[in-house]
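Scroll down for the structure; my scribbles are underneath it.
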Amino acid sequence: MNSGFFLVVEGTEGAGKTTLIRGLASRLAEAGRDRVLVREPGGTPAAERIRAVLLDPGLAMEPVSELYLFLAARADLVAAVIRPALERGGMVLADRFELSTEAYQCGGRGLDRELVRGANRAATGGLEPDLTLVLDLAPDLGLARIRNSGQALDRMEQAGLEFHARVAEAFRLATGPNLVHLDASQRPEQVLQAAWSELARRRQAAPASNRH
Ligand code: Z5A
């Protein structure tokens with residue numbers, strides 16, 4: 001394939017996004033495909049510093065401050081890493097993108113959807129994923145996976161279970177022509193196989209059409 005492809009994996013914390021992206025990346029490597037892995041927030045020196053602020057459990061901030069910090073990190077990542085990789089014809093695998101902002105900052109924090117969509121467009125220049133895979137998992141199961149893995153909870157993960165239930169509901173209700181839900185309660189190999197099949201189907205069906 002000569003055109004780039006932008007794949008985004010979304011879902012609540014602990015749903016298995018990182019695990020899935022690693023699995024897809026090794027299959028793509030076996031197939032000899034150029035691929036770039038990114039995670040949000042982060043991926044550039046400036047975005048990594050913004051990430052540290054956003055996830056610091058010792059900091060409190062207004063929802064709108066949080067929104068613009070996530071988007072500042074995204075603008076940098078899109079301009080410095082994602083667009084150049086797509087323009088080279090590569091495949092970009094992203095751990096979170098715009099749908100996370102809708103789920104956490106609109107669904108979770110209650111910010112206005114139009115405000116968030118407009119600000120996101122300004123940050124991305126209108127770039128949209130060719131495929132978004134949403135990993136559906138009950139939020140208590142996801143948080144339990146994080147706890148069992150021994151990681152400390154960050155600022156976002158420390159928000160209450162009601163917040164996470166609203167976020168999970170926003171992910172569950174998300175729809176779109178390039179959006180597919182996967183059952184993340186399955187074993188990692190089953191989630192990987194379902195994602196791989198969907199990716200193969202989409203890449204055969206449609207060349208990248210969302211470049212702006
Ligand atoms: N956020 C936001 O509010 N607005 C935005 O616009 C953006 C983000 C972009 C980023 O946190 C936080 O920022 C996130 C949303 C918010 N906060 N919350 N809460 P992050 O990047 O540090 O973390 P994360 O994105 O939430 O990912 P995570 O915690 O690393 O989870 P994950 O990537 O989905 O899961 P994992 O690392 O692949 O797996 C977690 C554990 O479960 C691990 O031990 C695995 O071995 C295990 N696992 C994975 N898959 C399975 C299956 N299928 N079965 C059983 N166990 C599994």
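Here the structure is a predicted model, which is why all the values come from computation and not from measurement. For reference, positions follow the sequence shown, starting with 1. Order of listing sets the numbers, starting from 1, for every ligand and every atom in it.
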Answer yes or no: does an N/O atom from [X] fall short of 3.5 Å to an N/O atom of ligand 1?
X      : answer
His164 : no
Gly16  : yes
Arg51  : yes
Ile146 : no
Ser149 : no
Glu13  : yes
Gly14  : yes

Check: [Y] and [X] side chains under 4.5 Å, non-hydrogen atoms:
X      : Y      : value
Asp130 : Arg203 : no
Leu179 : Glu10  : no
Leu77  : Ile82  : yes
Met61  : Val53  : yes
Leu135 : Lys17  : yes
Val81  : Val92  : no
Val8   : Leu133 : no

Out of [options], whose heavy atom is nearest to [atom]?
atom                    : options                : answer
atom 26 (O) of ligand 1 : Arg96, Met156, Arg187  : Arg96
atom 36 (P) of ligand 1 : Leu71, Val116, Thr19   : Thr19
atom 6 (O) of ligand 1  : Asp154, Leu141, Thr101 : Thr101
atom 48 (N) of ligand 1 : Arg145, Arg74, Arg22   : Arg145

Quick one: nearest non-hydrogen protein atom to [atom], plus distance?
atom                    : answer
atom 23 (O) of ligand 1 : Glu157 OE2, 4.3 Å
atom 30 (O) of ligand 1 : Thr18 OG1, 3.8 Å
atom 27 (O) of ligand 1 : Lys17 NZ, 3.7 Å
atom 12 (C) of ligand 1 : Leu55 CD2, 3.9 Å
atom 8 (C) of ligand 1  : Phe70 CE2, 3.3 Å

Open item on the list: Please determine whether any non-hydrogen atom of Gln186 lies less than 4.0 Å from an atom of ligand 1.
Closed with: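 Under 4.0 Å: yes for Gln186.
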- [ ] Using non-hydrogen atoms of the residue, decide whether Ala15 is closer than 4.0 angstrom to ligand 1.
- [x]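 Within the 4.0 Å threshold, so yes.
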TODO: Before accepting this row, confirm whether a basic side-chain N of the pair Glu30/Arg27 lies closer than 4.0 Å to the acidic partner's carboxylate O.
DONE: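 Here Glu30 does not pair with Arg27 in a salt bridge, since their nearest N and O are not under 4.0 Å apart.
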Considering only heavy atoms of [X], which atoms of ligand 1 have at least one such atom less than 4.0 Å away?
X      : answer
Gln105 : 2 (C), 3 (O), 4 (N), 5 (C), 6 (O)
Glu40  : 9 (C), 21 (O)
Pro188 : 51 (C), 52 (C), 53 (N), 54 (N)

Task: Test applied, side chain to side chain contact (heavy atoms under 4.5 Å, CB included); reference residue, Leu137; option that passes from Arg145, Gln186, Glu13 - done: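 It is Arg145, the one option of Arg145, Gln186, Glu13 that forms the side chain to side chain contact (heavy atoms under 4.5 Å, CB included) with Leu137.
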Open item on the list: Looking at every non-hydrogen atom in both residues, tell me the closest pair between Glu98 and Asn120 and how far apart they are.
Closed with: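 Answer, listing the atom of Glu98 first, then Asn120: CD-ND2, 3.0 Å.
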Open item on the list: Is the distance from the ring center of Phe6 to that of Phe97 below 6.0 Å?
Closed with: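 Between Phe6 and Phe97, the centre distance is under 6.0 Å.
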Open item on the list: In this structure, would Ile50 and Leu59 fall into the same cluster of hydrophobic residues linked by side-chain contacts under 4.5 Å?
Closed with: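 Result: yes, single cluster for both.
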Open item on the list: Taking the cut-offs as 6.0 angstrom to the six-membered ring centre and 45 degrees off its axis, would you call Arg109 and Tyr104 a cation-pi pair?
Closed with: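 Because its charged atom misses either the 6.0 Å distance or the 45° angle limit, Arg109 does not stack over Tyr104.
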